[in-house]
Amino acid sequence: DSGVTQTPKHLITATGQRVTLRCSPRSGDLSVYWYQQSLDQGLQFLIQYYNGEERAKGNILERFSAQQFPDLHSELNLSSLELGDSALYFCASSNHPGQGEAFFGQGTRLTVV
Amino acid sequence: QQQVKQSPQSLIVQKGGISIINCAYENTAFDYFPWYQQFPGKGPALLIAIRPDVSEKKEGRFTISFNKSAKQFSLHIMDSQPGDSATYFCAASAMEGAQKLVFGQGTRLTINP
């Protein structure tokens with residue numbers, strides 16, 4: 001168990017809908033990273049937050065947004081969902097810049113139908 | 001420059017053999033190189049990591065070899081076991097800045113009994 005908790009584990013929704021994925025980092029970790037994993041794309045970095053502030057952006061679509069709350073949990077919001085958004089979404093956390101180690105949650109499997 | 005190239009895509013090794021997975025990178029700012037192991041339905045788990053001030057790091061049956069001049073690093077799994085069958089991802093990050101991990105495409109390793 002990595003100590004990173006993601007909910008829900010599975011999500012099935014229709015095209016055009018909006019969903020929210022939740023991540024609770026390991027105790028004490030200030031950084032949260034979101035990754036998307038699809039069969040043909042590997043693990044793609046979406047966005048990083050550090051202590052509530054956006055730190056880096058990757059290949060995140062404009063329909064997607066995220067935030068990190070004062071208690072350090074993070075949410076990834078996906079809107080106007082398309083079939084191609086079906087993927088595994090992982091959250092990872094690390095304790096502070098300079099450490100490098102990132103620990104991943106179990107992921108949320110999103111299926112858009 | 002942000003890419004990490006991983007090979008092979010898939011690998012079949014006999015039980016007791018040595019599994020070798022290779023990665024190459026371009027960005028000379030990368031200074032942290034972890035390997036992750038992922039089982040089906042699970043999140044990636046940190047296996048072993050190396051920083052460029054050493055050329056080799058060993059933990060149990062797992063060894064990372066690092067060649068800074070060639071910008072290459074590899075994972076060796078000695079005495080491979082069926083329980084090692086999983087997908088392995090190499091990654092790289094720069095300790096300055098966001099420290100986001102850039103992942104290779106993954107190698108599906110199968111150890112035949």
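Bear in mind that the values here come from a model prediction, so they are computed numbers and not experimental data. Residue numbers begin at 1 in each chain, while the letters A, B, ... track the order of the sequences.
Taking both residues in full, the closest heavy atoms of A:Phe104 and B:Pro44 are given as CB-O, 3.3 Å, listed atom of the first, atom of the second, then distance. The shortest non-hydrogen separation linking A:Gln37 to B:Phe89 is NE2-CZ, 3.3 Å.
In this structure, A:Tyr33 contributes its side chain and B:Leu101 its backbone to no donor-acceptor pair below 3.5 Å.
Annotation: B:Gln9, atom CD; neighbour count of heavy atoms from other residues, nucleotides and ligands within 6.0 Å does not exceed 12. Around CZ of B:Arg61, the count of heavy atoms belonging to other residues, nucleotides or ligands within 6.0 Å exceeds 12.
Residues B:Ile64 and B:Phe30 fall within the same hydrophobic cluster, defined by Ile, Leu, Val, Met, Phe, Trp and Tyr side chains chained together at heavy-atom separations under 4.5 Å. Each of B:Phe73 and B:Met78 belongs to its own hydrophobic cluster when Ile, Leu, Val, Met, Phe, Trp and Tyr are linked at side-chain heavy-atom distances under 4.5 angstrom. A:Leu81 and A:Phe90 fall into different hydrophobic clusters, where Ile, Leu, Val, Met, Phe, Trp and Tyr residues are linked whenever their side-chain heavy atoms come under 4.5 Å apart, directly or through other members.
Of the two parts of B:Gln38, only the side chain, counted from C-beta on, holds a non-hydrogen atom closer than 4.5 Å to a non-hydrogen atom of chain A.
Rounding to the nearest 0.5 angstrom, the gap separating the CZ atom in B:Phe103 from the CD atom in A:Gln44 is 10.5 Å. With values rounded to the nearest 0.5 angstrom, A:Ser94 atom OG is found 14.0 Å from B:Lys100 atom NZ.
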